[in-house]
Amino acid sequence: MTGGESAVGRTAGAGPLLLGVRHHGPGSARAVRAALEEARPRVVLIEGPPEADALIPLAADEEMRPPVALLAHAVDEPGRSAFWPLADFSPEWVAIRWALEHDVPARFIDLPATHTLAWGTQEDEAGAEGESPLDDETADNEGDSDPCPGPADLRIDPLGVLAETAGYDDPERWWEDVVEHRGVGKGDALAPFTVLEEAMGALRETYGSGGHDRDLVREAYMRIQMRAAQREFEDGVAVVCGAWHVPALRRKTTVAADKALLKGLPKVKTDLTWVPWTHRRLSRISGYGAGIDSPGWYGHLFSAPDRPVERWMTKVAGLLRAEDRLVSSAHVIEAVRLAETLAAMRGRPLPGLSETTDAVRAVMCEGSDVPLALVRDRLIVGDVLGEVPATAPAVPLQRDLARLQRRLRLKPEALERELELDLRKETDAARSRLLHRLRLLGVAWGEPAASRGSTGTFRETWRLRWEPELSVRVAEAGVWGTTVLSAATAKAEADAVAAQGLAAVTALAERCLLAELPDALPTVMRILADRAALDSDVGQLAQALPALVRSLRYGDVRGTDTGALGEVAAGLAERVFVGLPPACAALDADGAEEMRRHVDAVHGAVGLLGDAPAAGQGHLRARWQSVLRVLCGRDTVPGVIRGRAVRLLLDDGELAQDEAARLMGLVLSPGTPPADAAAWIEGFVGGGSGGGMLLVHDERLLGLVDAWLTGVPAEAFTDVLPLLRRTFSAYEPGVRRTLGELVRRGPGAGSSAAGTGSGIPGFAAELDTVRADAVLPVVRLLLGLEEGEEHIGNDLVGVTG
């Protein structure tokens, strides 16, 4: 492509000025501005949904900052949507801005969104991901067959074909050489469009529609719009569209033929607005079909007034310095020289992205791809998030969300960040409610994360990142209400009615408390009580109880009335107590392990309920301990459950160490099958419950395990080995090392912790109660307890659990 005859000197009747572009191409954007300045058209027609014509004036608003996108969604089905993204280096955006600056009408002429969305089947969306950047970003290419099919009626990439013809193996590099590095000289403003039209014409003669069959319908509609503009403005018409469409728009057809292609198109009622977009979503790595590999690089090329390579290297150096890498001005100078040398060696007119990247890797990153990955992510792609003015049309829910974001100072950002919340503070509590309500509505702006340094219920950590698709989710959630609160309330009530199992309802009740939805709780609690009364599956009941008890804890921090929830939780616990012993009989290994997890969960839940008992709950702890005694004494209960019941009673101080040792001795006697004994051991000291430390500090138990293990017959040892390995491999490395030392020395060789003297260095034979009592005032102060309050240990677990 060396240039062609300029079309500047157009004569009357020559037809509209067709400016074929690459979407999101800074070279095309510069050429479009130069061509419009040269031709001075009376109207500018732009590829895009015509329903958005009323939104074009907003592009001149001071608060409008690209990248942005036109969002079209079906009114009755907001999840069905389409985007038309525009960056500041997009030719269409440049054309819109030029028209607004020169008081020239600008109109969109692509197929209306009312048809595009009605056409949007799953198959169509899969096809749209393969769009060429010379084609439309969101067009769905399915429809009438091509009347002039080529020899290969497959979807083609025009850039790829042209690059291969020119001897390039990389379409991006070819485009940079022939367009991005090519200046627009005086008197040559239209030459790039002329030669690009010739190239596209040759491709369409060879490939027909290239598999883009739906384009035939879109192009018919665009020709109709062009004719209407010509009747109104005669030869003062300029059209900015994908270069692939130019030959079809130039082709002479009859009005009847074009209207025939449009006859019978499906329709759906649509709404359109502007929404923020991101550079990351313009890139191909996000799956966006008509995207570009390097939006950050292209944005730099478009905005740099001069010396783009030097300015780019300076940006890279600034980023790396911010990450504490040693990058000096000498590195910048050397990187620029290397990039220019590489471009000369490769026969390129100017250094492109590949040359600058290679130079950055060699000079600033010392050959490492690790810092280079940061450059790619932050600069080459980038996390720029656009902004739209508050006057842009939006669903009421979106307006309420924007109001809450401003009030709570939670600005949407494309770059992921962590947000630490202290729920004792009013603003942080309000932020937490908003994020929980949005999650309930399916707007996953924030994801909960583990808090660092504190596990109390008054602290939350969120990982925030705003993606453009969330605008669709907000529009979709608008069917539930006009405000975030009302929409979340209605959605919670609907989810409660549709919930399939008891666990789903209890989880929903927990989310309602987190989101503080008092109007939804009565409905959720009524359904929860009904499901709990009808559900006879002990496993389901045991799975639901912990979520209810966790929800009760939120009342203290969030000021929520959880009285009804406590009553349901107490009733659920009673049903678990009654049904658990029979449910534990005659279980296989997998069923026993699952039930063991349920026992652990119920034990933790009962402990929390007993810490702050409501009316009728004071006896729950004693009832649960009775259930555990039943479980540990029944031979029909699997060993893993019996062992865990003994361990839980021992931890609660309801079982003496001598009695625990006696029960272990009975189980590990020669009359017990080795597999059953190994299962009991796993239940007693396994499952990550601190069993390793128990064996470290009570050498009698360790001696029993050691004596049993050494007495297991050889033929049975291979059967119990996997179970034992799973049990002991869960211990901390230090615990395993200490146990190994004790076994090597021989359990009982030194005095146990319960005997005279200490078998472990640093540990006394008995607890020093005087020293232990000395820390109680400090613990009470930390927990905010009054003198003489009971259950200090349990309160500590409740606060930090």
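His73 contributes no side-chain N or O that, together with a main-chain N or O of Arg80, makes up a donor-acceptor pair within less than 3.5 Å.
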With a cut-off of 3.5 Å and sequence neighbours excluded, list every side-chain donor-acceptor pair involving residues 389-401.
from   : atom 1 : to     : atom 2 : distance (Å)
Arg399 : NH1    : Ala390 : O      : 3.2
Arg399 : NH2    : Ala392 : O      : 3.1
Asp400 : OD1    : Arg403 : NE     : 3.3
Asp400 : OD1    : Arg403 : NH2    : 2.6
Asp400 : OD2    : Val484 : N      : 2.8

Tabulate below the donor-acceptor pairs under 3.5 Å that side-chain atoms of residues 626-639 make, not counting sequence neighbours, or state none.
from   : atom 1 : to     : atom 2 : distance (Å)
Ser626 : OG     : Ala622 : O      : 3.1
Arg629 : NH2    : Glu654 : O      : 2.5

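A distance of 6.5 Å separates OG1 in Thr461 from CD in Glu418, rounded to the nearest 0.5 Å.
Residues in residues 517-528 take part in no side chain to side chain donor-acceptor pair (under 3.5 Å) pair, two or more places apart or across chains. For residues 467-491, no pair satisfies ring-ring contact (aromatic ring centres under 6.0 Å, His included), with sequence neighbours left out.
The aromatic rings of Trp462 and His436 sit perpendicular to each other, their planes meeting at more than 60°, with 30° as the lower class boundary.
A search for side-chain hydrogen bond (donor to acceptor under 3.5 Å, both in side chains) contacts involving Glu63 returns nothing, not counting sequence neighbours. Residues passing the side-chain hydrogen bond (donor to acceptor under 3.5 Å, both in side chains) test with Asp676, sequence neighbours excluded: none. In this structure Trp274 satisfies the side-chain hydrogen bond (donor to acceptor under 3.5 Å, both in side chains) test with no other residue, sequence neighbours excluded. Partners of Glu51 according to the salt bridge (Lys or Arg N to Asp or Glu O under 4.0 Å) rule, which considers only residues two or more places apart in sequence or in another chain, do not exist here. Under the rule for a side-chain hydrogen bond (donor to acceptor under 3.5 Å, both in side chains), the partners of Thr483 that lie at least two apart in sequence or sit in another chain are Ser486. Judged as a salt bridge (Lys or Arg N to Asp or Glu O under 4.0 Å), and not counting sequence neighbours, the contacts of Arg473 are Glu476. Listed by chain and residue number, Leu421, Asp422, Lys425, Arg431 satisfy the side chain to side chain contact (heavy atoms under 4.5 Å, CB included) test with Asp428 (two or more places apart in sequence, or in another chain). Arg409 meets the salt bridge (Lys or Arg N to Asp or Glu O under 4.0 Å) test with no other residue; sequence neighbours excluded.
Between Arg437 and Glu516, no side-chain nitrogen of the basic residue sits less than 4.0 Å from a carboxylate oxygen of the acidic one, so the salt-bridge criterion is not met. Glu593 has a carboxylate O that lies under 4.0 Å from a charged side-chain N of Arg596, or vice versa, which qualifies the two as a salt bridge. Arg280 has a carboxylate O that lies under 4.0 Å from a charged side-chain N of Asp383, or vice versa, which qualifies the two as a salt bridge.
Here the side chains of Leu410 and Leu419 are in contact, with some heavy-atom distance below 4.5 Å. At a threshold of 4.5 Å between non-hydrogen side-chain atoms, the residues Trp445 and Gln405 count as touching.
Counting non-hydrogen atoms of other residues, nucleotides and ligands closer than 6.0 Å to CG of Asp588 gives a total above 12.
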